[in-house]
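Beneath this line is the structure, given in structure tokens, with notes to follow.
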There are 2 protein chains.
Amino acid sequence: MSAASRRPPFGPPLVFVATLDRPALNDADAHHLGRVLRLRAGDVLTAADGAGRWRECTYRATAQLEISGEVFEEPMPEPPITIAFALTKADKPELVVQKLTELGVDRVVAFRAARSIVLWDEAKAARNVERWRSVAREAAMQSRRSRLPIIEPISTFAEVAGRPGAALSVAGGAPPGLHLPTVLVGPEGGWSPEEDATPMPRVAFGDHVLRAETAAITACSVVAAIRSRLAGDLSHPDAS
Amino acid sequence: MSAASRRPPFGPPLVFVATLDRPALNDADAHHLGRVLRLRAGDVLTAADGAGRWRECTYRATAQLEISGEVFEEPMPEPPITIAFALTKADKPELVVQKLTELGVDRVVAFRAARSIVLWDEAKAARNVERWRSVAREAAMQSRRSRLPIIEPISTFAEVAGRPGAALSVAGGAPPGLHLPTVLVGPEGGWSPEEDATPMPRVAFGDHVLRAETAAITACSVVAAIRSRLAGDLSHPDAS
């Protein structure tokens with residue numbers, strides 16, 4: 001039976017569970033809800049499966065949650081938004097993943113650009129992607145999203161640039177829009193001449209020079225606002 | 001004589017000086033340009049007065065800059081954007097001020113909301129506002145803005161809510177727009193019932209629950225994108 005379409009409520013906390021049929025908290029979430037958010041037995045919360053399905057439950061001060069509502073499905077936003085960002089330094093990717101998740105991103109992919117300063121071996125790359133998935137999970141709970149964004153493995157410029165609907169973020173680019181829901185954001189040092197010469201649409205998100213992480217966040221802000229009909233789409237599909 | 005209207009170039013570094021007639025670097029900027037950015041004698045840079053006027057200069061590896069271009073004035077964006085954010089914890093305001101400056105904010109004001117957790121005495125408030133002004137100066141240089149945003153003293157909800165063109169940022173609000181260029185962003189705990197009941201326009205910037213700092217950043221992103229004609233204005237002036 002398919003679930004009725006509805007968004008999770010903003011009020012109660014949202015937590016991810018392995019199954020909505022027998023929703024149970026993992027140790028970390030049990031600690032967070034009980035000790036940090038100080039939930040009490042009888043409080044209502046939302047249990048979600050991470051894939052868009054959720055139901056109201058009641059907290060009983062144990063790991064097992066009591067089911068108190070039917071299963072709904074959060075509508076899938078159209079089009080899905082992908083933010084592809086050049087690998088950058090330090091803890092910036094964690095800030096980017098957290099903010100993009102709150103803002104409604106559907107896919108996040110870090111890629112190696114010509115001027116990416118960071119060089120990770122396979123093991124370190126895998127550890128970082130796992131860490132970002134954990135950051136996205138926390139941010140999704142905080143922002144009441146029942147569907148987790150997909151945090152992809154680290155990719156290459158050529159691969160992300162070749163995706164349908166992909167646009168390069170550049171100063172002085174054209175207005176972004178829903179026919180270009182995949183945005184590539186460059187590293188601090190900017191695009192290399194070869195990357196910059198790639199024949200693909202070019203979009204802009206502001207009038208000034210933006211730090212790499214600011215560009216990724218504002219790209220998602222603006223495209224998501226257009227998708228939510230909070231701002232108009234001024235892009236020209238024919239121009240791409 | 002009035003200066004011709006032109007934006008500073010994105011390429012060369014931008015630095016603030018006390019006067020464009022005899023532009024000279026302060027010690028911190030001299031260190032930054034020489035040791036961090038590794039400028040060499042003969043390199044071009046932009047000297048700006050912080051109020052929108054700037055000129056091309058040549059670095060001579062001393063504090064005194066050589067004038068190499070006439071004085072221009074960066075166009076004043078219309079309407080000016082004000083982001084008013086509820087005082088919040090820790091180093092979040094610094095992140096907010098940095099990002100808003102890059103995104104083109106004109107005025108930033110922190111205010112005490114009913115649920116603001118932070119309570120500062122006069123001296124601490126003044127120290128923090130000074131610190132934010134320093135953060136804004138650095139961010140303006142990095143983003144090639146010749147006009148510094150105004151970082152106001154800490155205010156109250158009632159004062160900022162009473163400004164012309166002010167709107168309350170709330171989940172489920174109306175589309176933002178240029179007739180509402182002053183946006184109030186609440187604290188982590190949300191607006192109090194009294195604040196929420198204030199008769200004023202209400203705007204939204206996304207579909208999910210946003211952290212306070214994310215709400216401030218995305219509010220500026222979206223309104224600035226509309227102002228730059230990178231997204232359309234879907235607001236209804238009559239509705240406010």
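In what follows, every chain begins at residue 1, and chains take the letters A, B, ... in the order their sequences are listed. Model, not experiment: these values are computed from the prediction.
Here CZ of Phe16(A) is found 4.0 Å from CG of Leu148(A). Values are rounded to the nearest 0.5 Å. Going from atom CD1 of Ile81(A) over to atom CG of Leu103(A) covers 9.0 Å, rounded to the nearest 0.5 Å. Atoms CG and CG, on Leu33(B) and Leu14(B) in that order, are 10.0 Å from each other to the nearest 0.5 Å.
Residue Ala231(B) touches chain A through both its backbone and its side chain, counting heavy-atom pairs closer than 4.5 Å. Interface remark: Ala204(A) contributes backbone and side-chain atoms alike to the contact with chain B (heavy atom separation under 4.5 Å). Both the backbone and the side chain of Phe10(A) come within less than 4.5 Å of a heavy atom in chain B. Heavy atoms closer than 4.5 Å to chain B are found nowhere in Ala215(A), neither backbone nor side chain. Looking at Ala219(B), neither its backbone nor its side chain comes within 4.5 Å of chain A, counting heavy atoms on both sides. For chain A, the nearby part of Ile217(B) is the side chain; its heavy atoms alone come within less than 4.5 Å.
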Worked check of side-chain contact (heavy atoms from CB on, under 4.5 Å) between Val222(A) and Leu230(B): CA-CA 9 Å; Val222(A) 175; Leu230(B) 294 169; 5.8 Å; no

Working for side-chain contact (heavy atoms from CB on, under 4.5 Å), residues Leu95(B) and Leu95(A): CA-CA 11 Å; Leu95(B) 177 76; Leu95(A) 177 76; 4.1 Å; yes

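Closest approach of Val71(B) to Ala3(B), counting heavy atoms only: O-CB, 3.4 Å. Residues Pro187(B) and Ala86(B) come closest through the heavy atom pair N-CB, 3.4 Å. Between Pro13(B) and Leu37(B), the closest heavy-atom pair is CB-CD1, 4.0 Å.
Of all the listed residues (Ala225(A), Gly177(A), Pro176(A)), the one sharing the greatest number of non-hydrogen pairs under 4.5 Å with chain B is Pro176(A).
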Under 3.5 Å, which donor-acceptor pairs link chain A to chain B? Give each pair on its own line with the distance.
from: Lys99(A); atom 1: NZ; to: Glu213(B); atom 2: OE2; distance (Å): 2.6
from: Lys99(A); atom 1: NZ; to: Thr214(B); atom 2: OG1; distance (Å): 3.0
from: Glu102(A); atom 1: OE1; to: Arg211(B); atom 2: N; distance (Å): 2.7
from: Glu102(A); atom 1: OE1; to: Thr214(B); atom 2: OG1; distance (Å): 2.9
from: Glu102(A); atom 1: OE2; to: Arg211(B); atom 2: NH1; distance (Å): 3.2
from: Glu102(A); atom 1: OE2; to: Thr214(B); atom 2: OG1; distance (Å): 3.1
from: Ser143(A); atom 1: O; to: Val209(B); atom 2: N; distance (Å): 3.1
from: Asp207(A); atom 1: OD1; to: Ser228(B); atom 2: OG; distance (Å): 3.2
from: Asp207(A); atom 1: OD2; to: Ser228(B); atom 2: OG; distance (Å): 2.9
from: Val209(A); atom 1: N; to: Ser143(B); atom 2: O; distance (Å): 3.1
from: Arg211(A); atom 1: N; to: Glu102(B); atom 2: OE1; distance (Å): 2.7
from: Arg211(A); atom 1: NH1; to: Glu102(B); atom 2: OE2; distance (Å): 3.2
from: Glu213(A); atom 1: OE2; to: Lys99(B); atom 2: NZ; distance (Å): 2.6
from: Thr214(A); atom 1: OG1; to: Lys99(B); atom 2: NZ; distance (Å): 3.0
from: Thr214(A); atom 1: OG1; to: Glu102(B); atom 2: OE1; distance (Å): 2.9
from: Thr214(A); atom 1: OG1; to: Glu102(B); atom 2: OE2; distance (Å): 3.1
from: Thr218(A); atom 1: OG1; to: Ser221(B); atom 2: OG; distance (Å): 2.8
from: Ser221(A); atom 1: OG; to: Thr218(B); atom 2: OG1; distance (Å): 2.8
from: Ser228(A); atom 1: OG; to: Asp207(B); atom 2: OD1; distance (Å): 3.2
from: Ser228(A); atom 1: OG; to: Asp207(B); atom 2: OD2; distance (Å): 2.9
from: Gly232(A); atom 1: N; to: Gly232(B); atom 2: O; distance (Å): 2.8
from: Gly232(A); atom 1: O; to: Gly232(B); atom 2: N; distance (Å): 2.8

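Residues passing the side chain to side chain contact (heavy atoms under 4.5 Å, CB included) test with Pro23(B) are Val17(B), Ala47(B), Cys57(B), Leu65(B), Ile67(B), sequence neighbours excluded.
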